[in-house]
Amino acid sequence: MALSDIMRKAESSLNSITLKRSQRRGWQPLIVGYTGYGTTDQVRIFGRVLMHDPDEGKKDTWGQRGYQQFLTIQVGHHDVSVTIGEKTVTGTTDRNGYIDLLVHDHELEPGWHTATIEAANAKAVEVQLLIVDPAAKIGIISDIDDTVLVTWLPRALTAAWNSWAKRPSKRQAVPGMAEFYAQLQQRFPQAPVFYLSTGAWNTFGSLKKFLSHHGFPAGPMLLTDWGPTETGLFRSGQEHKRVQLRNLLIAYPDMQWILIGDDGQHDPLTYGDVANEHPDRIHSVLIRNLSPQEQLLSHGSLSPLADANEEGHFSIPLIQGANGDAIAAAFNAAHPAE
C-alpha cells in the first residue's frame, strides 16, 4: 500500500472518530459558503459542511491565528441543496465535506447575486455568486500568494509561520497591486476578477477579508484542499491551477484573459503552457518579480524556480515588474489605452 493511501485512510479514520465524538458532545453541522460563479446559462456553487460547537458561535477568522482555520471536522456524504430564485438543486458533500453543485437555467441577470445553501440539521446560509456579463471580452485571473499577498509561501518554515501562526489581519499586501487592479477594472469595466491559488479552502474567510481590507476587487476564489490524494501526500498546486484555468477557458469561450502571477513558484511555467496552447485566448501574462531576498526565502535560491525569460516559455509578450506600479507602467506601455 502506498504511503498516500495510508495517509488518506488515517485521515479518514481520524475524522470519523472526531465526527462521532463531536456528535455525542452536541456539536452540529455548519455550512461554510464560498463564492460561486457562472454564466447566464449555469452557475457553480461552492461550500463545505463542518462540525461546530453551537455554544461558541461563529468564529471570526480575521483575528484568529492561522492554524485555527485548519482545525476542522468535515461532514462527508451529507445531504445538501442549493436554491437560486425559484430553482433548487440537491446533492451531497464529498468525503471531505465539500459542496460543488452546478445549477442550470437559473434565469439570473449578469452581476452579483446570492444563493442559499441548506443542509440537514444545519442553519441555511447565503453565498455570493457572480454571473459574468456575456458582453465581457476580457477577464482577469490573479494568483494570491506573493502576487497580491506577501507570503514567501514555498519555503516550508515561512509558510508554516504565515499560514499557521500569523494572524490574517497582520498580513501585508504587495505594494501597488490593489491600485493596479483598480486601473484594470476602470479600463475593462465588465471584466470579472478570479483569484486562483494553491492555498487551502480553510483560509477562504480570511483571504476574502484581506482582499477587501486592502482594496482589491471582489471576485470568486478558486482554492484547493491540502489533504492526501490517490497519487501523493499533497495535491499538486500546478495541476490545480492548470485544471481551473482550463475550466475558465471552457466556461467563457468568447473571453480573453489577463493572467497575473509571480516568479516565486511555477506561475511562469503554468501560464506559459496555457498561453502557448491557447494564444488566441490570452490577452497578456503579467509576472511580479520577487527580489533576490524573497526568492531566497521562498525556495532557497537567489534565482526564480522558473525563469520567465527563458526562450520558448511564451508565445506572447511577457510583462514583468517588481510591484504593482512597475507592472502597471509596463502594461500601459505594452497596451496603450485606446
Side-chain angles (χ1 to χ4, degrees), residues 35-44 108-112 129-144 147-148 176-197 211 216-222 238-263 266-289 306 308-309 312-321 324 326-338:
T35 305
Y37 73 89
T39 67
T40 51
D41 296 320
Q42 62 183 33
V43 62
R44 289 182 71 184
L108 296 179
E109 296 295 323
W112 285 97
L129 61 97
L130 175 64
I131 303 298
V132 177
D133 194 325
K137 300 304 178 184
I138 296 292
I140 300 166
I141 299 175
S142 171
D143 180 41
I144 295 178
T147 299
V148 301
M177 292 302 282
E179 292 79 3
F180 174 52
Y181 284 29
Q183 294 173 28
L184 285 178
Q185 282 210 309
Q186 184 175 10
R187 184 167 174 178
F188 307 107
Q190 294 175 317
V193 180
F194 289 83
Y195 296 96
L196 174 56
S197 173
L211 294 171
F216 287 95
M221 276 185 274
L222 301 173
Q238 285 182 274
E239 184 61 23
H240 164 68
K241 285 192 172 183
R242 293 178 195 275
V243 169
Q244 296 303 330
L245 284 168
R246 293 190 176 104
N247 284 345
L248 291 174
L249 290 175
I250 294 170
Y252 305 103
D254 299 322
M255 188 180 295
Q256 283 193 315
W257 294 93
I258 298 172
L259 308 181
I260 309 175
D262 64 85
D263 62 2
H266 300 283
D267 288 345
L269 288 177
T270 304
Y271 289 173
D273 287 346
V274 173
N276 292 336
E277 292 170 7
H278 308 278
D280 59 326
R281 301 295 310 282
I282 306 303
H283 177 278
S284 52
V285 175
L286 285 58
I287 297 293
R288 183 208 165 211
N289 303 129
N309 296 305
H313 277 187
F314 290 91
S315 59
I316 62 174
L318 177 65
I319 297 170
Q320 302 180 77
I327 293 174
F331 180 85
N332 292 330
H335 301 282
E338 298 179 359

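- No side-chain heavy atom of Arg281 sits less than 4.5 Å from a side-chain heavy atom of Val274.
- Considering CG of Leu196 and CD1 of Ile140, their distance stands at 14.0 Å, rounded to 0.5 Å.
- The two atoms that bring Leu108 and Leu129 nearest to each other are CD1-CD1, 3.8 Å, heavy atoms only.
- Shortest non-hydrogen contact noted between Asp143 and Ser197 is OD1-CA, 4.2 Å.
- Nearest heavy atom pair, residue Thr35 against residue Pro220, reads CG2-CA, 3.8 Å.
- Judged by distance alone, with hydrogens and angles left aside, the side-chain atoms of Tyr271 form a donor-acceptor pair with the main-chain N or O of Ile260 at under 3.5 Å.
- Here the CD atom belonging to Glu109 is positioned 9.5 Å from the CG atom belonging to Asp133, to the nearest 0.5 angstrom.
- A salt bridge does not link Arg288 to Asp267: none of the charged nitrogens lies less than 4.0 Å from a carboxylate oxygen.
- No side-chain heavy atom of Leu184 sits under 4.5 Å from any side-chain heavy atom of Val193.
- The CG atom of Leu249 lies 10.5 Å from the CE atom of Met255; values are rounded to the nearest 0.5 Å.
- Between Ala191 and Gln185, the closest heavy-atom pair is O-NE2, 3.6 Å.
- For the pair Arg242 and Thr270, the minimum side-chain heavy-atom distance is below 4.5 Å.
- No side-chain heavy atom of Gln244 sits under 4.5 Å from any side-chain heavy atom of Ile141.
- Atom CG of Leu130 and atom OG1 of Thr39 lie 11.0 Å apart (nearest 0.5 Å).
- Closest approach of Gly321 to Ala326, counting heavy atoms only: CA-CB, 4.0 Å.
- Looking only at distances, no side-chain donor or acceptor of Gln190 sits under 3.5 Å from a matching main-chain atom of Ile138.
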When you look at Asn332 and Arg187, which way does the side-chain contact (heavy atoms from CB on, under 4.5 Å) test go after all the steps?
CA-CA 11 Å; Asn332 292 330; Arg187 184 167 174 178; 3.6 Å; yes
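- For the atom pair NE2 of His266 and CG of Asp273, the computed distance is 12.0 Å after rounding to the nearest 0.5 Å.
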Between Thr147 and Tyr195, does the side-chain contact (heavy atoms from CB on, under 4.5 Å) criterion hold? Intermediate values first, please.
CA-CA 10 Å; Thr147 299; Tyr195 296 96; over 6 Å; no
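- Using a 4.5 Å cut-off on side-chain heavy atoms (C-beta onward), Trp257 and Leu245 make no contact.
- No donor-acceptor pair under 3.5 Å is formed between the side chain of Tyr252 and the backbone N or O of Pro134.
- Note on ring orientation: taking the six-membered ring where Trp is involved, the planes of Phe180 and Phe331 are perpendicular (angle over 60°, cut-offs 30° and 60°).
- Expressed to the nearest 0.5 Å, how far CD of Gln320 lies from CG of Asn289 amounts to 4.5 Å.
- Between Tyr37 and the choices Leu248, Val43, Val132, the side-chain contact (heavy atoms from CB on, under 4.5 Å) rule is met once, by Leu248.
- Counting only heavy atoms from C-beta outward, the side chains of Lys137 and Phe188 never approach each other to under 4.5 Å.
- Judged purely by atom type and a 3.5 angstrom limit, His240 uses its side chain to pair as donor or acceptor with the backbone of Leu222.
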